[in-house]
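A short write-up of the structure that comes next.
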Protein chains: 2
Amino acid sequence: MSDVTLLESVFRLFHLVKKELHLQIDALGLELSPMHIRVLKVIASGACRTANDVVQWLSRDKAQVTRLLNSLMTQGLLAKTPNPDDKRSQLLALTEAGRAVMTQVEAIDERVIDKMSQDLNPQQITQFKSLVAAISRGLDAGER
Amino acid sequence: MSDVTLLESVFRLFHLVKKELHLQIDALGLELSPMHIRVLKVIASGACRTANDVVQWLSRDKAQVTRLLNSLMTQGLLAKTPNPDDKRSQLLALTEAGRAVMTQVEAIDERVIDKMSQDLNPQQITQFKSLVAAISRGLDAGER
DNA sequence: CCAAGGTAGTTGACTTAGTCAACCATTAGC
DNA sequence: GCTAATGGTTGACTAAGTCAACTACCTTGG
């Protein structure tokens, strides 16, 4: 466990985070995966109004996003309405049920984040985020 | 992009890391996935002598490990020999080809890690690792 | 104004990652 | 020496992600 590379740290961390997320999700009995939750969140927050927004925001493949949105729709959490600005596209909005689920999702998020940060002070949290941002910058450089 | 939770940062970071890893892997034309590489590494390092060691070390399901090891064997990179201490178990060792691939794997790792750390000074790298450790501690607490 | 190229979204087929349960063979503990 | 635990394998499954092909629409340059 002692000397682990940057790469290994990230793998281990992500695995723990996903596990914790799963725990909290089925503690509340939700039928959602982590990605479904992320999609709900970006729509609820107003950051994404169309499927393409979600694709951009989460940097995911549009095929994947289509399927995530469809399963949220068949679960009755999401509705698509025609986009007046572009007939190829539809506007996304949470249904009443979707908004209800969001309050549970917020509880899950809060618990996971609390657990992640319980050994950190606020300054360390900021520090962590800015280190992540710096690493991401490094990884982005030279692409595209 | 501005205010992102701890949770979101981790998701985004992991996604970037995996993408970079894929890029480097098929830049070298290797037929390996990130998990195969991690398994090769822990065996090459001497940290894991049996399948069960790998299970413990990487915190992965034993079914998954069995399959990873098998595909490394059919690729001729890994050999199993009977474990004299336990007839249920086999000792893992890289073949000649496996050791050859490891030198390429090391190159990949180095490139990815270099890219991740190009905007960081050595102190920040240490800092990041210790923050990851602290977060992991928080997530582990209360389990088991 | 209209053809050509680009964009939004969908679908099919696929790979990788991970999980759960059942099962064998062996080993360890009383 | 029987029972319970352990190491490993297999089957069946879900989640996550990728690539290519395709439809329908939008945009632009001649």
Side-chain angles (χ1 to χ4, degrees), chain A residues 10-23 25-26 30-40 43 48-75 78-92, chain B residues 10-23 25-26 30-40 48-75 78 80-92:
Chain A
V10 171
F11 267 99
R12 283 160 190 262
L13 177 61
F14 185 69
H15 195 250
L16 281 175
V17 167
K18 247 193 341 186
K19 219 164 73 180
E20 181 63 29
L21 214 38
H22 274 294
L23 270 176
I25 288 169
D26 51 46
L30 287 188
E31 300 275 296
L32 294 170
S33 71
M35 279 307 295
H36 284 112
I37 288 185
R38 293 184 74 205
V39 170
L40 280 181
I43 295 168
C48 297
R49 306 184 56 221
T50 67
N52 201 39
D53 290 347
V54 177
V55 166
Q56 305 294 321
W57 189 271
L58 299 182
S59 319
R60 288 307 187 277
D61 190 87
K62 57 189 183 164
Q64 190 186 358
V65 169
T66 293
R67 287 185 254 258
L68 286 166
L69 294 175
N70 282 346
S71 70
L72 289 173
M73 277 205 349
T74 60
Q75 289 192 262
L78 182 70
K80 294 179 180 171
T81 61
N83 183 347
D85 298 342
D86 188 338
K87 284 178 193 160
R88 293 166 302 178
S89 155
Q90 296 128 82
L91 296 180
L92 306 172
Chain B
V10 172
F11 267 99
R12 284 160 190 261
L13 177 60
F14 186 69
H15 196 250
L16 281 175
V17 167
K18 247 193 340 186
K19 219 164 72 181
E20 181 64 28
L21 214 39
H22 274 294
L23 271 176
I25 288 169
D26 52 46
L30 287 188
E31 299 275 295
L32 293 170
S33 72
M35 279 306 295
H36 284 113
I37 287 184
R38 292 183 74 204
V39 170
L40 280 180
C48 296
R49 306 184 53 221
T50 67
N52 202 39
D53 289 347
V54 177
V55 166
Q56 304 294 321
W57 189 271
L58 298 182
S59 319
R60 289 305 188 279
D61 190 88
K62 57 189 184 167
Q64 190 187 358
V65 169
T66 293
R67 287 184 253 259
L68 287 166
L69 294 175
N70 282 347
S71 71
L72 289 173
M73 278 205 347
T74 61
Q75 287 191 263
L78 181 71
K80 294 179 181 173
T81 61
N83 183 347
D85 299 342
D86 188 336
K87 286 178 193 159
R88 292 166 301 180
S89 154
Q90 294 128 83
L91 297 179
L92 307 172

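Lettering of chains follows the sequences in order, A, B, ..., and the numbering in each one begins at 1. The shown structure was predicted, so the numbers you read here are calculated from the model rather than taken from an experiment.
Side-chain polar atoms of B:Ser59 and A:His15 form no donor-acceptor pair below 3.5 angstrom.
A:Ser89 comes within 4.0 angstrom of sugar-phosphate atoms only, judged by non-hydrogen atoms across all strands, and of no base. Using a 4.0 Å heavy-atom cutoff across all strands shown, B:Lys87 reaches sugar-phosphate atoms only and no base atom. B:Ser33 comes within 4.0 angstrom of the backbone, heavy atoms only, and of no base.
For the pair A:Leu23 CG and C:dG18 P, the computed distance is 16 Å after rounding to whole Å. Rounded to whole Å, the distance from CD on B:Gln56 to P on D:dG7 is 7 Å. For A:Leu69 and D:dA15, the CG to P distance is 16 Å, given to the nearest whole Å. If you measure from atom CG of A:Leu68 to atom P of D:dT14, you get 16 Å, rounded to the nearest angstrom. Rounded to whole Å, the distance from CZ on B:Arg38 to C1' on C:dA17 is 11 Å. Rounded to an integer number of Å, the gap from CG of B:Leu21 to C1' of C:dT15 is 16 Å. Computed from coordinates, the B:Asn52 CG to D:dA5 P distance equals 16 Å when rounded to whole Å. Rounded to whole angstrom, the span from the CZ atom of B:Phe14 across to the C1' atom of D:dA16 amounts to 10 Å.
In this model, no side-chain donor or acceptor of B:Arg88 finds a partner on the base of C:dT27 within 3.5 Å.
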Could you give me the CA-CA distance, side-chain angles and deciding distance for A:Ile43 and A:Leu69, then say whether side-chain contact (heavy atoms from CB on, under 4.5 Å) is met? CA-CA 10 Å; A:Ile43 295 168; A:Leu69 294 175; 4.0 Å; yes

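Aromatic ring orientation, A:Phe14 versus B:Phe11: perpendicular (interplanar angle above 60°, classes split at 30° and 60°).
Exactly one residue among A:Asn52, A:Asp53, A:Leu58 makes a side-chain contact (heavy atoms from CB on, under 4.5 Å) with A:Val55. That residue is A:Asn52.
Residue A:Gln64 has no polar side-chain atom (N or O) positioned under 4.0 Å from OP1 or OP2 of D:dA16. For D:dA21, the OP1/OP2 oxygens have no side-chain nitrogen or oxygen of A:Lys62 closer than 4.0 Å. Taking 4.0 angstrom as the limit, B:Asn70 places none of its side-chain polar atoms (N or O) nearer than this to OP1 or OP2 of D:dG8.
Positionally, the nearest nucleotide of DNA chain C for A:Thr50 lies more toward the 5' end than for the other of B:Ser59 and A:Thr50. If A:Lys18 and A:Asp86 are placed on DNA chain D by their nearest nucleotide, the residue sitting closer to the 5' end is A:Lys18. Nearer the 5' end of DNA chain C, as judged by each residue's closest nucleotide, is the contact made by A:His15, out of B:Asp85 and A:His15.
Closest contact between the side chain of A:Arg60 and the listed nucleotides D:dA16, C:dT10, D:dG17 involves D:dG17. Set against D:dT18, C:dG9, C:dT26, the side chain of A:Asp61 has D:dT18 as its closest nucleotide. Out of D:dG11, D:dA15, C:dG9, the shortest distance to the side chain of B:Arg67 is found at D:dG11.
Within 6.0 Å of CZ on B:Arg49 lie no more than 12 heavy atoms contributed by other residues, nucleotides or ligands.
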